[in-house]
Amino acid sequence: MFVLIPAFEPGPRLPSLVGELRRADPDLEVLVVDDGSGPAFAPVFAAARDEGARVLVHPANRGKGAALKTGFARIAAVQPDADVVTADADGQHTPTDVCRVAEALRTDAADGRSALVLGVRGFRGDVPLRSRVGNAAARGLFRLATGRQVTDTQTGLRGIPSDRLAWALSVPGDGFEYEQRMLLRLSPDGIAAHEVPIDTVYLDRNASSHFRPVRDSLRVLLPVLLFASSSLAAFVVDTVALLLLQALTGWLVPSIVAARLLSASANFLVNRRVVFRAQGGPLVGQAVRYGVLALALLASNIAWMSFLTEHGLALLPAKVVTEGVLSVLSYGVQRSLVFPRMDAAGPPPRPISRPGTPAAAPPASAPAPHASSTAGVTGPSSTADPADASAPTPTTSHPLTARSTP
């Protein structure tokens, strides 16, 4: 099992964290990703290596999500059956709590269960006001957008079972929003998750944190909020048209069809241009997929409204209930199938050298990774990787370089 620690300009606590983890559970291997911290922080990473960690290096800062993906890709290449615990470098996750999440992964594996493990804080005691308010707002926004209760949406202490690493690599995002998007993908992708309580630790009033809870939460949840606004607008158009047409004609089903055609056309244009920003995609293909979805939702709408009104529920309440349920389904389908992100899938990982073990050369037909994915890897007693002899050397003092394709 690996403990993966992304680090950008870490404080002096990182080496002691590595050493304490190694002593607490010798079976844990610690992998640190230096996310472009620069030469000024080289002594901190050197001390982490001295404590037993292996270090991957991004020549430039790319974001926490990118650093996590680099680590996931390396671990999947070296030990594809290894579970991973992610932890922060600022000392907020104690070795005891990291081991608690690791043990939960082992218990899940023994029970034949594959689930994401979330180490969640209770935010009790001496918690900085910025963190208390920010995390409460983030939890509220997440629940509003998804309907799912997560105690700590900002936790960086997570357990990823080995069979979910490919899924973790497919989640879009390179910054702090990556961890939020991972949670947003749980329900649509059918990924189970459970929580493990951990201590709430804030060192120096959380001065070392680069995370902005409300701003970063709004950034990742903005598409959901925009979709909710778009759906609300479409709901108003649809409802007004339905009530007018039904009052004029007395025909429920034709009124539903006509109102839905009007609102769906407007909703498609707004979602394509504003919510999912998919103007670059093929318009005809998007329109066809949206049309199929609209027909499926229309059939469901008719079935549910007919059922509810026939059983005594008034037209307007029946409309509210039906649209509320179908809008949640519609968001997931539109995001995944109608307006899919072209960058959602991550490139396949490439093997690296372990200390004292040369890495396997990639197949001759494999395309060369993009230069932006280059990362250095160093560790105790590392040797040069013959598969990467031509790789450009990062501007660091580390003796070994290798390519990374997160």
Side-chain angles (χ1 to χ4, degrees), residues 1-7 10-11 13-14 16-25 27-32 53 64-65 67-68 71-72 83-111 113-140 142-143 148-161 164 168 176 178-180 182-183 186 191-211 213 216-217:
M1 185 178 295
F2 280 83
V3 176
L4 172 59
I5 305 176
R13 298 180 184 87
L14 175 61
S16 60
L17 173 61
V18 173
E20 291 171 13
L21 285 171
R22 297 284 292 167
R23 289 187 290 273
D25 188 342
D27 291 333
L28 292 177
E29 298 189 56
V30 181
L31 180 63
V32 176
K64 186 178 184 181
L68 287 169
F72 290 149
D83 296 336
V84 181
V85 178
T86 64
D88 291 344
D90 56 8
Q92 292 189 29
H93 300 143
T94 67
T96 299
D97 287 332
V98 174
C99 292
R100 186 175 293 138
V101 172
E103 189 58 32
L105 282 173
R106 293 187 180 113
T107 300
D108 285 348
D111 293 340
R113 180 184 185 187
S114 175
L116 196 72
V117 180
L118 303 176
V120 299
R121 299 161 291 182
F123 298 102
R124 292 180 293 270
D126 186 21
V127 178
L129 180 62
R130 178 177 73 96
S131 298
R132 186 186 297 275
V133 174
N135 281 279
R139 288 197 306 272
F142 185 85
R143 186 170 187 179
R148 182 169 184 161
Q149 177 67 43
V150 174
T151 304
D152 184 2
T153 62
Q154 312 305 329
T155 180
L157 182 54
R158 304 180 179 192
I160 316 291
R164 297 303 184 188
F176 284 107
Y178 169 76
E179 291 176 315
Q180 284 262 21
M182 181 182 287
L183 295 181
L186 290 177
I191 306 295
H194 63 96
E195 299 182 348
V196 173
I198 63 173
D199 292 334
T200 304
V201 179
Y202 284 104
L203 302 173
D204 300 328
R205 310 301 293 174
N206 204 25
S208 64
S209 176
H210 299 280
F211 179 70
D216 288 319
S217 296

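Source: prediction; values computed, not measured.
- In this structure, Pro95 and Glu20 approach most closely via the heavy-atom pair CG-OE1, 3.1 Å.
- Of all the heavy atoms in Leu105 and Gly159, the pair that sits closest is CD1-CA, 3.6 Å.
- Under the 4.0 Å criterion applied to side-chain N and carboxylate O atoms, Arg106 and Glu103 are assigned as salt-bridge partners.
- Using a 4.5 Å heavy-atom cutoff, the side chains of Asp25 and Met1 are not in contact.
- Rounded to the nearest 0.5 angstrom, Asp83 CG and Leu28 CG are separated by 11.0 Å.
- Closest approach of Arg158 and Glu179 over heavy atoms only: NH1-O, 3.0 Å.
- Considering all non-hydrogen atoms of both residues, Thr155 and Gly119 come closest at OG1-O, 2.5 Å.
- For the residue pair Arg13 and Asp90, the shortest heavy atom distance occurs at CD-O, 4.0 Å.
- Using a 4.5 Å heavy-atom cutoff, the side chains of Val150 and Leu186 are not in contact.
- Under the side-chain contact (heavy atoms from CB on, under 4.5 Å) test applied with Ile5, the options Val98, Asp88, Leu14 reduce to a single match, Leu14.
- Atoms CG and CD1, on Leu183 and Ile191 in that order, are 12.0 Å from each other to the nearest 0.5 Å.
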Thr153/Gln180 under side-chain contact (heavy atoms from CB on, under 4.5 Å): CA gap, chis, key distance, verdict
CA-CA 7 Å; Thr153 62; Gln180 284 262 21; 4.0 Å; yes

Go through the steps to decide whether Leu4 and Ile160 satisfy the test side-chain contact (heavy atoms from CB on, under 4.5 Å), and finish with yes or no.
CA-CA 10 Å; Leu4 172 59; Ile160 316 291; over 6 Å; no

Show the numbers, then the answer: is there a side-chain contact (heavy atoms from CB on, under 4.5 Å) between Val30 and Arg22?
CA-CA 8 Å; Val30 181; Arg22 297 284 292 167; 4.0 Å; yes

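- Scanning all heavy atoms of the two residues, the minimum distance from Arg121 to Asp199 falls at CG-O, 3.6 Å.
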For the pair Val101 and His93, evaluate side-chain contact (heavy atoms from CB on, under 4.5 Å) and give the outcome as yes or no after the intermediate values.
CA-CA 11 Å; Val101 172; His93 300 143; over 6 Å; no

